[in-house]
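Notes follow once the structure below has been shown.
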Amino acid sequence: MKNYSQFQQLDLRFDCERIRQEIAQFSNEDWREESVGKSTIVLVSVGGTINQDLAISGVVKLTKFSENLHYLKQVISALEVPVSRSRLVRLAAKTETAAYTEYNYHWFRHNCIYVAITGAVSLTVNQEKISLAAGEVVISNNFQPYSLSNETEQDCLYLVVETKRLGDWELSIGNWESHSPQQVAVPPLQERRESAAASGKISLETASFEVLTPEEIAKLTEVIFAEVETPEKTFLSQSLGEFQRRWSKVFAQFGHSRQGELAYQDLILTFQEQIAPKVNLGLRKSWRGKNAVKVILSMLKSSERKAPKKFKTGVLARKKLQVKLQIQWDAGYQVVANAAETKEFQRLQKLPAEKQIFDLFREKATIAEVWAKKVSETEINQEKFVRIVQKLTDLELLVEEFQPPQFVKPIFIISAPRAGSTLLFETLSQFPELWTIGGESHDLIEGIPQLHPSTHNYTSNRLTEADAQPEICETLQKRFVRQLRDRTQQAYLDLPLQERPPKVRFLEKTPKNVLRIPFLKAAFPEALFIYLYRDPRQNISSLLDGWRSRRFVSYRNLPGWDYQEWSFFLPPNWSSLQTSSIVEIAAYQWKTANSYILDDLNNLPRSSWCLVRYSDLVREPKQTITKIGNFAELNRDEHIEKILSQSLPVSRMALSAPSPEKWRKNAQEIEPILPNLEPIIKLVEKENESSFA
């Protein structure tokens with residue numbers, strides 16, 4: 001057998017004709033496109049659902065596609081390795097995948113085994129190429145960039161099995177011994193064949209929360225330091241040493257217990273923000289140090305979709321939505337009260353024309369009045385004047401002062417975070433008469449100092465009737481109006497004064513509002529509330545994923561919290577969760593949200609709210625939206641009818657493709673806490689019976 005430096009061929013062969021016969025049961029719809037020319041069928045995954053999550057995420061199970069693959073399961077069983085993930089791959093004719101360069105914690109501990117089902121599968125690692133005949137098996141060095149190719153005119157098939165690292169290869173962040181890697185002990189071929197024929201039971205990797213040990217951290221930091229060429233080596237020596245010491249201390253306290261997840265996450269965040277940037281500046285071109293950094297940073301990282309960039313309200317939000325706030329000649333404008341405190345104002349001091357026009361709006365005036373009385377006789381022509389005024393409004397130094405329209409029966413979607421409110425919001429926002437701000441209102445509400453949780457010493461996000469002072473309510477309405485847009489993205493304030501409707505139907509959803517129902521009802525007396533309820537298993541699983549993705553961080557360096565970040569809303573008594581695991585925090589948020597919603601809504605007239613199940617929204621969207629439309633007295637047109645005639649799209653806030661069984665990847669963590677939630681579940685069941693009655 002040829003000796004390779006980047007591969008190890010195993011002395012195994014399988015009957016590929018039998019495998020192909022079993023695979024023939026799948027239709028084209030079963031194959032999910034992963035990239036151009038490459039599609040997959042997932043056989044083993046976290047939770048047994050169709051996902052690409054890493055094994056650290058939860059219990060590994062067979063998927064539904066494995067049910068009738070009797071011989072193929074025998075093949076996987078014959079490898080005699082614990083399987084963390086597995087999938088069938090179909091590579092189209094004349095297709096070569098891009099070189100995979102991502103290196104992370106998962107691959108620090110795992111290998112890939114490839115089983116060629118048809119011929120023509122070629123694997124290239126670090127410019128070394130191996131072509132596999134049907135039935136051949138190979139383990140590759142996944143420490144370096146690799147690609148797969150099919151140079152023939154026919155599709156090719158292969159099986160991928162991921163497992164804990166095999167053999168005694170010296171792990172040095174990508175430095176395999178170039179002469180001869182340690183051979184994996186493989187029983188004789190005939191013995192393996194008999195084993196495959198006799199057993200179809202696959203050994204699945206045992207799910208466990210497992211971080212790097214202090215010894216592994218020491219080895220990684222040693223590799224990083226050795227690869228750095230920088231004048232700041234003294235600093236890095238100290239910072240890497242401190243990181244290593246703190247890791248050892250936390251590991252001594254928690255070991256591999258999930259109770260320490262937030263503590264480990266905090267250490268990794270410190271490494272990412274304070275150490276990694278300086279390391280990356282001083283690293284040699286060698287990939288060894290970079291890979292070591294990636295291993296540490298990806299240790300607890302979710303494999304879900306990356307967080308989108310955050311945009312502020314105002315000019316950046318309008319740019320994101322491709323909406324430009326137009327100036328109105330007959331509308332009154334005035335400089336904002338805190339303009340002098342902004343960076344934009346400081347820059348304005350160096351621009352004489354802009355400063356001159358800015359000063360002319362220190363008292364409320366229309367643009368027409370300022371041009372006619374103050375500017376027309378200067379050297380600034382009208383075109384430049386308009387351009388400067390537009391610039392000042394874009395920078396939010398100059399704002400239109402207006403009388404807000406009447407908010408008629410505004411609709412507030414109320415739900416626990418990750419309950420599907422974005423999907424419902426995006427669907428309802430397509431009704432012709434509804435206006436929205438295009439997203440959630442976190443900054444608009446908490447941007448009013450009296451409504452920020454710091455005003456209440458960060459006790460929670462709770463707001464009541466006492467917080468709904470007249471001037472605060474007026475300010476909030478104006479902040480909403482400045483961002484109002486209809487379903488075509490037409491901004492309310494872009495309309496000429498005479499075309500602006502004096503009354504609007506407003507739709508809003510912000511998860512923190514679970515604790516603000518009394519405040520909202522006081523601020524908007526005609527308010528209607530849609531209570532969206534999601535099964536606790538699904539909802540808590542999504543909250544859990546959200547915490548781990550770090551996509552929904554709401555507060556950093558929260559006073560009284562031992563860690564750097566807090567995600568989602570602040571429930572009362574949140575500080576008591578210091579020693580809780582993330583799943584316990586998520587369950588507490590779910591329980592608190594639904595408890596407050598039920599209590600607060602039951603203090604309102606039954607005609608002002610309705611309950612909607614997320615499962616009904618997904619399973620029967622047309623019937624569910626029709627019921628909501630009737631409750632809220634919304635008008636339907638061809639546009640909304642077209643939307644409801646088909647399945648609802650995936651929400652833009654979804655971390656991964658929705659599935660009622662997706663929660664099972666976290667089942668091992670969630671199931672023990674469910675009995676404590678039964679009282680809330682029963683109350684919701686009772687309310688559901690009278691909903692829409």
Side-chain angles (χ1 to χ4, degrees), residues 410-422 424-425 440-442 445-446 450-468 476 508-525 527-540 542-543 546-547 552 554-555 558 566-577 580 584-606 608-614 673-674 676-688 690-691:
I411 303 167
F412 294 91
I413 298 172
I414 306 293
S415 73
R418 312 303 299 153
S421 59
T422 300
L424 180 57
F425 174 82
E440 296 176 353
S441 304
H442 300 285
I445 295 175
E446 295 187 7
Q450 298 92 324
L451 302 183
H452 193 275
S454 60
T455 303
H456 301 285
N457 296 317
Y458 290 99
T459 53
S460 72
N461 287 126
R462 182 67 165 166
L463 294 175
T464 66
E465 299 95 328
D467 297 291
L476 181 59
E508 201 277 345
K509 81 100 181 175
T510 300
K512 291 177 185 176
N513 287 345
V514 295
L515 299 179
R516 297 170 176 158
I517 293 173
F519 167 80
L520 294 172
K521 188 63 175 176
F524 301 91
L528 301 176
F529 298 92
I530 300 173
Y531 171 20
L532 180 64
Y533 173 82
R534 189 177 186 185
D535 177 270
R537 298 168 301 176
Q538 299 175 8
N539 204 159
I540 293 171
S542 191
L543 280 165
W547 270 87
F552 303 95
S554 51
Y555 302 103
L558 187 63
W566 177 274
S567 294
F568 304 112
F569 77 102
L570 278 177
N573 300 316
W574 57 267
S575 59
S576 66
L577 302 170
S580 300
E584 290 169 340
I585 297 173
Y588 184 79
Q589 287 180 314
W590 183 91
K591 182 179 180 180
T592 303
N594 286 283
S595 296
Y596 270 84
I597 292 172
L598 285 169
D599 288 346
D600 288 340
L601 290 181
N602 278 316
N603 287 325
L604 302 179
R606 195 63 179 83
S608 66
W609 65 278
C610 68
L611 185 149
V612 176
R613 288 177 172 275
Y614 173 78
I673 63 177
L674 291 177
N676 188 41
L677 307 177
E678 281 299 323
I680 302 298
I681 298 172
K682 290 180 179 178
L683 286 174
V684 172
E685 292 291 345
K686 183 179 178 181
E687 293 292 350
N688 187 58
S690 59
S691 186

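The figures here come from the full heavy-atom set of this structure, side chains too, leaving out hydrogens, waters and symmetry mates. If you read the sequence from its start, that first residue is 1, and numbering goes on from there. These numbers come from a predicted model, not from an experiment.
Listed for the Gln589 side chain is no donor-acceptor partner under 3.5 Å among the backbone atoms of Ala416. Side-chain atoms of Thr455 come within 3.5 Å of backbone atoms of His452 as a donor-acceptor pair (strictly under, hydrogens ignored). Using a distance-only test at 3.5 Å, with no hydrogens or angles considered, no donor-acceptor pair links the side chain of Asn573 to the main chain of Ser460. One N or O on the side chain of Lys521 and one on the backbone of Ala527 form a donor-acceptor pair closer than 3.5 Å. Glu508 places no side-chain N or O within 3.5 Å of a backbone atom of Pro410 that could act as its donor or acceptor partner. Checking side-chain atoms of Asn539 against main-chain N and O of Arg418 turns up a donor-acceptor pair under 3.5 Å. Remark: side-chain polar atoms of Arg462 are paired, donor with acceptor, to backbone N or O of Leu515 under 3.5 angstrom. Side chain of Asp467 to backbone of Thr464: a donor-acceptor contact under 3.5 angstrom is found. Side chain of Thr510 to main chain of Ser441: a donor-acceptor pair is present (N/O by atom type, distance under 3.5 Å, no hydrogens or angles).
Between Tyr531 and Asn594, the side chains place a donor N or O and an acceptor N or O closer than 3.5 Å (distance only, hydrogens not considered). No side-chain donor-acceptor contact under 3.5 Å links Glu687 and Trp609.
Residues His442 and Ser554 have side chains not in contact (no heavy-atom distance under 4.5 Å, counting atoms from C-beta outward).
Shown are Tyr458, Trp547, Tyr555; of these, the ring-ring contact (aromatic ring centres under 6.0 Å, His included) with Trp566 is made only by Trp547.
For the atom pair CD1 (Ile414) and CG (Leu528), the distance works out to 11.5 Å, reported to the nearest 0.5 Å. Taking OH of Tyr614 as the reference point, atom CG of Leu532 lies at 8.5 Å (rounded to 0.5 Å).
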